Amino acid sequence: MEDKGPSNDSITFLGTAGARFVVTSQFLASGGLWLNLAGTEVLIDPGPGCIVQSTKRKLKADRLRAIIVSHRHLDHSADVNIMVEAMTQGGLKRRGWLFAPADALEVEPVIFSYLKGYLEGVEVLEEGKSYRVGNISFTTPIRHIHSVETYGMVFTTAEHTFSYIADSRYFDGLCYSYGGELLIINVVRLEANHPYDHLSVPNAEHIIKELKPKIAILTHFGMTMWQAKPWQVAERLSQETGVKVVAARDGMRFELSQLDNI
Ligand SMILES: [Zn+2]
């Protein structure tokens, strides 16, 4: 009963900031993605400010069934402890799961050990594995090329499939691992001018052309992206790829039912 949510599947972008300067200055908010899929609520990548952005938007952490951390970098995990505290009502209620790569949980864990006991459990993300939470399932198809262990996800609900490409250097595996009607892609950089641990706009254009989702949403903007006005970049990518490309906005709520009319 408690997990009955609004009937529409939705994704709320708590923030759209990526990389150091945009996050530390809070030019854009940071905080991750809040999914409500078939009544199952899941939080991905609780970066700095997640507790502020989610409470401001009246999203209730004690309804979350899981928190997924794609990798241990601060802009994806800084608020994981406070969000576990909120999900479990300060430990009053043993509740929810934490999913994270091994290197976010082992030597220098992103989660305090006393909070781990508040959870129903912790699951380690590994390449090529499938996981189930409430009414949804997801896979972590391929390990990314990033300075720490990192995975994106492919989510499947009764009605929809969508992918989230977290931080990565470009490699061809991204183009065959993240199918689905919707693609959410972290695009930190405007130019692909030197090898770097993050995706750029030319990388995103190539990936979108290969994967051909119905809609692609750009997010996790670094400074060069922000200065280029992400909505204008998205407009140009729409024309060049033939796919509807949208730039996420802080607080944007995307209803997955929009995919049904395309
Ligand atoms: Zn990162």
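Whatever order the structure lists ligands and atoms in, that order sets their numbers, starting from 1. Everything numeric in this text was worked out from a predicted model, so none of it was measured.
Listed for the S163 side chain is a donor-acceptor partner under 3.5 Å among the backbone atoms of G179. With D197 contributing its side chain and H146 its backbone, the two residues share no donor-acceptor pair below 3.5 Å. A distance-only check finds no donor-acceptor pair linking the side chain of R143 to the backbone of E126 [under 3.5 Å].
Angle NE2(H71) to the Zn ion (ligand 1) to NE2(H146): 100° [nearest 10 degrees].
The Zn ion (ligand 1) lies under 2.8 Å from an N, O or S atom belonging to D167. Residue H76 does not count as close to the Zn ion (ligand 1), with no N, O or S atom under 2.8 Å. Not one N/O/S atom of H198, from backbone or side chain, sits under 2.8 Å from the Zn ion (ligand 1).
Taking the six-membered ring where the residue is Trp, the centroids of F138 and Y164 are separated by 6.0 Å or more.
Using cut-offs of 30° and 60° for the angle between ring planes, the Y114 and Y118 rings count as perpendicular.
Per residue H73, closest N, O or S atom to the Zn ion (ligand 1): atom name ND1.
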